[in-house]
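This structure is a prediction, so every number in the text was calculated from the model and none was measured.
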Amino acid sequence: MTLNRPSRFLLLPLAVLALSACSSAPRSDISLIPAQTEDQTQKDGVFTQPLNYQHVKPGCTGECPSLDVKSLIFPGNQALTALVDRSLAQMTILGEREPGYRGLKEFENYYWATANGKDKVQLTARTRYRNRDLTVVELGSWLYMTGAAHSIAASQFLNWDNRLQMALPLDRLLVPGRQGQFQELVRQAHAAWVQTLPDAQQDPQGWARMWPFQPASNAALTDKGVVVKYNAYEIAPYSLGQPELLLPYAQLRGILRPDYLPAS
């Protein structure tokens with residue numbers, strides 16, 4: 001199914017994660033996922049400070065374009081702070097061609113120069129999981145373009161290795177050659193999720209034709225397992241929002257690299 005979106009609005013993947021392809025070999029003898037609850041591990045994570053502001057288009061009166069940012073700063077970690085800033089900006093591209101803004105400030109300047117009437121942009125960053133060695137950030141964008149039928153929301157995970165000072169793409173989390181096994185586990189979790197949906201059960205063939213399974217590309221390490229998240233329209237109608245699937249760590253032994261599995 002092809003989603004009709006406003007011509008001025010495109011969602012792009014975070015190409016910056018490709019930079020992590022040059023990472024060093026993992027430490028297979030040391031787990032970076034402690035066998036602890038989230039409350040315990042979060043206390044050991046990197047320090048964060050909020051970056052919150054709400055702006056409207058300068059000089060505008062009446063109904064005006066707006067920008068709402070609820071992001072994070074990581075004191076002492078300029079690389080992660082810059083990555084979050086740059087990645088949030090890249091989640092919203094206004095125009096048919098990528099304008100090339102490199103951060104939120106440059107995006108805001110571009111946005112005011114191009115925004116219309118009731119345009120609204122909301123950008124968020126929150127820590128989804130963190131411990132001494134890992135910081136998992138969930139980025140979110142919510143955009144409404146004047147005249148559109150509804151808003152469009154998107155999310156992106158950053159799995160940040162505090163030791164290596166770099167983001168880890170999905171392939172970097174998996175044992176080489178195990179991508180197929182990982183996606184099969186995602187497929188099984190997806191099938192179980194579909195079984196819980198009344199609309200899918202009323203017309204299974206129609207649902208499968210309209211909303212087929214899509215391989216995972218957006219995944220996060222958490223204390224309970226790997227969370228896979230999809231954007232609206234990827235595997236379900238807009239009304240179901242952004243579905244999440246959880247793959248428990250017990251299912252991922254031999255698939256995830258050993259240092260991204262719990263110690264016990």
Side-chain angles (χ1 to χ4, degrees), residues 10-28 30-33 45-46 72 74 77-93 98 102-103 124-131 133-141 154-187 189-190 213-231 234-235 242-247 249 251-262:
L10 296 173
L11 292 177
L12 297 184
L14 298 182
V16 67
L17 294 186
L19 296 175
S20 59
C22 60
S23 61
S24 60
R27 300 181 304 177
S28 59
I30 300 177
S31 171
L32 306 186
I33 307 290
V46 296
L72 294 172
F74 299 85
N77 193 333
Q78 179 58 34
L80 180 53
T81 298
L83 177 60
V84 169
D85 180 84
R86 182 168 66 253
S87 299
L88 277 177
Q90 292 176 348
M91 289 185 75
T92 62
I93 303 300
E98 184 177 352
R102 295 164 294 181
T124 62
R126 68 185 181 105
T127 53
R128 185 68 183 255
Y129 173 74
R130 56 192 171 126
N131 62 39
D133 297 306
L134 297 169
T135 303
V136 180
V137 182
E138 182 174 359
L139 308 177
S141 64
S155 69
Q156 178 71 49
F157 291 124
L158 299 176
N159 295 285
W160 180 265
D161 190 312
N162 298 335
R163 309 159 304 144
L164 301 176
Q165 285 290 288
M166 64 191 307
L168 306 169
L170 178 57
D171 285 352
R172 176 60 178 75
L173 302 177
L174 303 177
V175 173
R178 303 298 171 86
Q179 290 85 351
Q181 290 176 262
F182 176 81
Q183 296 296 350
E184 179 56 30
L185 287 179
V186 180
R187 183 185 297 275
H190 171 264
F213 169 75
Q214 301 294 332
S217 60
N218 187 33
L221 297 165
T222 75
D223 62 317
K224 296 180 176 63
V226 171
V227 169
V228 172
K229 190 164 186 174
Y230 292 90
N231 290 323
E234 288 188 319
I235 61 171
Q242 297 173 278
E244 290 189 0
L245 307 175
L246 175 65
L247 305 182
Y249 283 121
Q251 298 179 5
L252 293 168
R253 297 198 176 277
I255 297 176
L256 273 189
R257 292 179 187 263
D259 46 346
Y260 300 126
L261 288 167

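Within a 6.0 Å sphere centred on CZ of Arg102, other residues, nucleotides and ligands contribute 12 heavy atoms or fewer.
The minimum heavy-atom distance linking Leu185 with Gln251 is given by the pair CD1-O, 3.3 Å. Considering every non-hydrogen atom in both Gly254 and Val175, the closest pair reads O-CG2, 3.9 Å. Taking both residues in full, the closest heavy atoms of Ala167 and Leu83 are given as CB-CD2, 3.9 Å, listed atom of the first, atom of the second, then distance. Considering all non-hydrogen atoms of both residues, Ala219 and Val226 come closest at CB-CG1, 3.8 Å. Among all heavy-atom pairs drawn from Pro262 and Ser31, the shortest one is C-OG, 3.5 Å.
Remark: Arg178 engages no residue in a salt bridge (Lys or Arg N to Asp or Glu O under 4.0 Å) (not counting sequence neighbours). Annotation: salt bridge (Lys or Arg N to Asp or Glu O under 4.0 Å) contacts of Asp161 (sequence neighbours excluded): Arg163. Evaluation of the salt bridge (Lys or Arg N to Asp or Glu O under 4.0 Å) rule for Glu184 yields Arg187 as partners, not counting sequence neighbours.
Side-chain contact between Leu245 and Val227 is absent, with no heavy-atom pair separated by less than 4.5 Å. Between Tyr129 and Ile33 there is a side-chain heavy-atom pair separated by less than 4.5 Å. With contacts defined as side-chain heavy-atom distances shorter than 4.5 Å, the pair Val137/Phe74 qualifies.
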Inset, instruction - With side-chain contact (heavy atoms from CB on, under 4.5 Å) as the test, would you mind laying out the steps for Leu256 and Leu174 before giving the verdict? - result: CA-CA 4 Å; Leu256 273 189; Leu174 303 177; 3.7 Å; yes

Inset, instruction - Could you go through the side-chain contact (heavy atoms from CB on, under 4.5 Å) check for Asn231 and Ser155 one step at a time? - result: CA-CA 7 Å; Asn231 290 323; Ser155 69; 3.6 Å; yes

Inset, instruction - Determine, step by step, whether Tyr260 and Leu134 satisfy the side-chain contact (heavy atoms from CB on, under 4.5 Å) criterion, reporting the C-alpha distance in whole Å, the side-chain angles of both residues, the deciding distance to 0.1 Å, and the verdict. - result: CA-CA 10 Å; Tyr260 300 126; Leu134 297 169; 4.2 Å; yes

Legend entry - Test log, rule side-chain contact (heavy atoms from CB on, under 4.5 Å), inputs Leu173 and Phe182: CA-CA 11 Å; Leu173 302 177; Phe182 176 81; over 6 Å; no

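No side-chain donor-acceptor contact under 3.5 Å links Arg128 to the backbone of Thr222. No donor-acceptor pair under 3.5 Å is formed between the side chain of Thr135 and the backbone N or O of Arg130. The closest donor-acceptor contact from the side chain of Asn77 to the backbone of Gln165 lies at 3.5 Å or more, if one exists at all. Judged by distance alone, with hydrogens and angles left aside, the side-chain atoms of Tyr230 form no donor-acceptor pair with the main-chain N or O of Ser217 at under 3.5 Å.
Exactly one residue among Gln156, Glu138, Gln242 makes a side-chain hydrogen bond (donor to acceptor under 3.5 Å, both in side chains) with Lys229. That residue is Glu138.
To the nearest 0.5 Å, atoms CG (Asp85) and CD (Gln90) are separated by 10.0 Å. Between the CD atom of Gln183 and the CD atom of Gln181 there is a distance of 11.5 Å, given to the nearest 0.5 Å. Distance check, rounded to the nearest 0.5 Å: CG of Leu158 to CG of Leu139 gives 4.5 Å. Distance CZ/Arg172 to CZ/Arg257: 4.5 Å, rounded to 0.5 Å. Here the CG-CG distance, from Leu221 to Asn159, works out to 4.5 Å after rounding to the nearest 0.5 Å.
A salt bridge does not link Glu244 to Lys224: none of the charged nitrogens lies less than 4.0 Å from a carboxylate oxygen.
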